[in-house]
Amino acid sequence: MDISYMSSGGKLNPLQAIMDVRHYTLALDVDITKQSISGYTEIDIILLQKTDTILFDLVHFLIVNKINVNKRNSNFFQKGDHIFITNSNGYPPGKHKIKIEYSGKPPVAVKPPWKGGFTWTKDSNGNPWVAINCQLEGGKVYFPCKDHPSDEPNEGADLFITVPAGLTVAGPGLLQNISKPKNNKQTFHWKTNYTISNYCILFNIAKYKIYNRIYTTINGNRVPMQFYVLEADTAYAAHVLDLRERDCKILEKYFGEYPWIKEKMGIVYVPNPGMEHQTMISYGDRFTYKKVNGQDYSDNLYHEFGHEWWANKVTNKDWAHMWIQEGIDTYAEALFFREVAGEVAYDSIINIFKRHIANKKPLVQGEEINSADTYTGDIYVKGAFFMHTLRYVVGDSIFFTTLKKLATDEKYTYNNFVTTDDVEKLFSQQSGTDLKPLFYFYLRTIQILDISVLNKGFNEYEVQFKNLPMNLPVDILTDDGTQHLIITKKSLKIKSSFPPVIDPGSHYLKKILTE
Ligand SMILES: [Zn+2]
């Protein structure tokens, strides 16, 4: 069941480029003993032009038994991880409803959430515990879909998940119904009306106990908070909800109101590190915390929750631009430190990010790059450090209002997607400065500022900026203290009795040669 070859996104197949997914319905019976699933996925699409073939993605381990298009039996074949649905007369443009019946054993996760699939395990009381993760492989690990980040179902998704009676299913959106037990099984109907990434359309199963609370957002809306926790861990639940409330207030301050006010703020406990599953963020860090200025902090809880804004609400159009989701969300962690412990704490976490930057390949390698080719640690840490650089270059007032605009403006959120150029254009426009050279330098190349400090004698130094991408502000520390200069040319003379310290606050990725 090896799916290590598998990735998500990349070059959009022409057969999928003519299709707009509107809605997914998943109805699956989960056989925990056999570790298999059976049922159907119904996909509502709009075809933009006539085609004789409709293409979906589905892992080849799962066998399709029957396909109906608009309630009529259709020809199809599976090849690799694709389903080709064919009609020699062609499917006309417009709306179509495709029902795909299938069954089989979905792939087992090797290292969730990074190497995904299903996790079949038991809790400490011996009850079944099932988790799904598929960010880097896509929803096709267990349901037929158009596996590309650029197409989310605009009208949401319905999940009808049947499990042994006594177990609970945690899913996206709002729980509509739990069926009465029949043959010792129950069906949970979860429904989200929001647009959602295919890797977030999933569920977890366990003997959960549910803790409820109401959260009042920054705009005064009341949203149900729900924590699906194992019975053995109920003693930890209230504190997790306390932390979620505090974290939400910080994230709302910087990025605007919690994005899913019509549904819920969910947390589900899973047997792996957490994941940004929309409205049901998973968490698995064993209730361990760091102390930040005397307060408990879990980067796992906070980071995954930050993705409700950066990934779920603001979504990259393609994995080529994944740094927007991971880098800005990682930067949000530094903003937690700024809020709770001040600028020095912010700087210290930024410096930790900086030390982890590998800088082996550019964060953005082009367009339509798949998840496997894009995914590196740098999309987190170099992406976050780039936001730190941007903050310095445009100044706090423009930086924070622009970042909030990116997270709240309709143009960049929900049904719309973002690319690196969208982020650049917004910051350029808001700052009145063409920032394209800076974005290009740090995001599309592995260059860093190359600076030489040459001793010219008589307390004079020449500072050379060998690859300055554009006019940039730089702090320089000399006998006279720290001067804030705008560097416009490749070389400048500085008076100092000691070698001037360039960028003492560490706002840029750079190398400095002092001679
Ligand atoms: Zn993340």
Side-chain angles (χ1 to χ4, degrees), residues 1-6 8 26-41 58-64 81 101-145 159-172 178 181 183-188 190 198-210 227-233 266-277 280-286 300 304:
M1 278 211 186
D2 179 24
I3 55 162
S4 57
Y5 66 86
M6 203 182 258
S8 167
L26 278 66
L28 293 170
D29 192 319
V30 181
D31 187 327
I32 292 173
T33 317
K34 291 187 179 150
Q35 301 191 346
S36 67
I37 54 174
S38 64
Y40 67 84
T41 293
L58 180 69
V59 65
H60 63 279
F61 312 138
L62 296 172
I63 304 304
V64 176
D81 297 324
E101 295 180 24
Y102 64 104
S103 61
K105 282 170 169 278
V108 171
V110 175
K111 194 187 172 200
W114 301 281
K115 291 181 180 172
F118 276 54
T119 301
W120 307 91
T121 186
K122 285 187 162 52
D123 69 15
S124 59
N125 294 325
N127 301 302
W129 193 10
V130 182
I132 309 174
N133 287 280
C134 58
Q135 183 184 31
L136 299 179
E137 299 83 5
K140 65 180 178 289
V141 299
Y142 89 100
F143 73 95
C145 58
L159 281 78
F160 296 86
I161 307 302
T162 303
V163 296
L167 296 177
T168 297
V169 178
I178 306 171
N183 301 328
N184 215 23
K185 287 179 178 180
Q186 280 180 296
T187 302
F188 287 71
W190 283 95
N198 71 56
Y199 70 88
C200 287
I201 301 174
L202 44 67
F203 54 88
N204 297 279
I205 305 167
K207 196 154 187 229
Y208 286 121
K209 201 164 157 43
I210 303 143
F227 185 18
Y228 281 66
V229 63
L230 295 179
E231 286 184 334
D233 295 326
I267 314 173
V268 60
Y269 196 70
V270 292
N272 55 259
M275 195 61 203
E276 66 242 35
H277 300 144
M280 190 59 101
I281 301 290
S282 66
Y283 166 64
D285 229 9
R286 290 300 322 151
N300 185 203
E304 300 312 331

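Quick note: residue numbers are just sequence positions, from 1.
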### Message
Could you report the tightest heavy-atom contact between Lys140 and Cys145, atom names first, then the distance?
### Response
N-SG, 3.5 Å
### Task
For Tyr102 and Thr41, test the side chains for any donor-to-acceptor distance below 3.5 angstrom and give the result as yes or no.
yes
#### Entry: side chain to side chain contact (heavy atoms under 4.5 Å, CB included) between Tyr208 and Leu230, worked out
CA-CA 5 Å; Tyr208 286 121; Leu230 295 179; 4.1 Å; yes
### Message
Assess the residue pair Leu58 and Val64 against the criterion (side chain to side chain contact (heavy atoms under 4.5 Å, CB included)); give the C-alpha distance rounded to whole Å, side-chain angles, the decisive distance to 0.1 Å, and a yes or no.
### Response
CA-CA 9 Å; Leu58 180 69; Val64 176; 3.9 Å; yes
### Query
Counting only N and O atoms by type, is there a donor-acceptor contact under 3.5 Å from the side chain of Asn125 to the main-chain atoms of Asn127?
no
### Task
Output, in order, the C-alpha distance, side-chain angles, deciding distance and verdict of salt bridge (Lys or Arg N to Asp or Glu O under 4.0 Å) for Arg286 and Asp233.
CA-CA 9 Å; Arg286 290 300 322 151; Asp233 295 326; 3.6 Å; yes
#### Entry: Any donor-acceptor N or O pair under 3.5 Å, side chains Tyr199, Glu276
yes
### Message
A side-chain contact here means heavy atoms from C-beta on lying under 4.5 Å apart; do Ile161 and Trp190 qualify?
### Response
no
### Task
State the NE2-CE distance between His60 and Met6, to the nearest 0.5 angstrom.
7.5 Å
### Query
Is the shortest side-chain N to carboxylate O distance from Lys185 to Asp29 below 4.0 Å?
yes
### Ring center gap for Phe203 and Tyr142 short of 6.0 angstrom
yes
### Task
For a side-chain contact (heavy atoms from CB on, under 4.5 Å) with Glu304, tell me which candidate from Asp285, Ile281, Ile267 qualifies.
Ile281
### Cys200 side chain reached by Pro172 side chain, heavy atoms, under 4.5 Å
no
### Aromatic ring proximity, centroids under 6.0 angstrom, Phe118 and Trp120
yes
### Message
Could you check whether any side-chain heavy atom of Val141 comes within less than 4.5 Å of a side-chain heavy atom of Pro106, counting everything from C-beta outward?
### Response
no
### Query
Is any side-chain heavy atom of Trp129 less than 4.5 Å from a side-chain heavy atom of Ile205?
no
#### Entry: Residue of the set Ile132, Val268, Leu202, Val270 for which side-chain contact (heavy atoms from CB on, under 4.5 Å) holds with His277
Leu202
### Query
Which value, rounded to the nearest 0.5 Å, describes the distance between Leu159 atom CG and Thr187 atom OG1?
12.0 Å
### Sidechain-backbone polar pair: Asp31 side chain, Gln35 backbone, donor-acceptor under 3.5 Å
no
### Query
Do the side chains of Ser8 and Leu136 get nearer than 4.5 Å, heavy atoms only?
no
#### Entry: Polar side chain donor-acceptor pair, Asp81 to Tyr5, under 3.5 angstrom
yes
### Query
According to the salt bridge (charged side-chain N to carboxylate O under 4.0 Å, His left out) rule, which pairs have a member within residues 104-113, sequence neighbours left out?
none
### Ser38 versus Ser103, side-chain donor and acceptor atoms under 3.5 Å
no
### Message
When you compare the side chain of Ile32 with that of Leu167, does any pair of heavy atoms fall below 4.5 Å?
### Response
yes
### Message
Under the criterion side chain to side chain contact (heavy atoms under 4.5 Å, CB included), I'd like the reasoning laid out for Thr168 against Phe188: C-alpha separation, chi angles, the key distance, then a yes or no.
### Response
CA-CA 8 Å; Thr168 297; Phe188 287 71; 4.1 Å; yes
### Message
Quick check against the 3.5 Å criterion: does Glu101 have a side-chain atom that pairs as donor or acceptor with the backbone of Gly39?
### Response
no
### Message
Side chains of Asn198 and Phe143, heavy atoms from C-beta outward: is any pair under 4.5 Å?
### Response
yes
### Task
With side chain to side chain contact (heavy atoms under 4.5 Å, CB included) as the test, would you mind laying out the steps for Met280 and Tyr228 before giving the verdict?
CA-CA 9 Å; Met280 190 59 101; Tyr228 281 66; 3.5 Å; yes
### Pro164 to Val30 - nearest heavy-atom pair and separation
CD-O, 4.3 Å
### Query
Taking the side chain as C-beta and beyond, is there a heavy-atom pair between Leu28 and Thr162 under 4.5 Å?
no
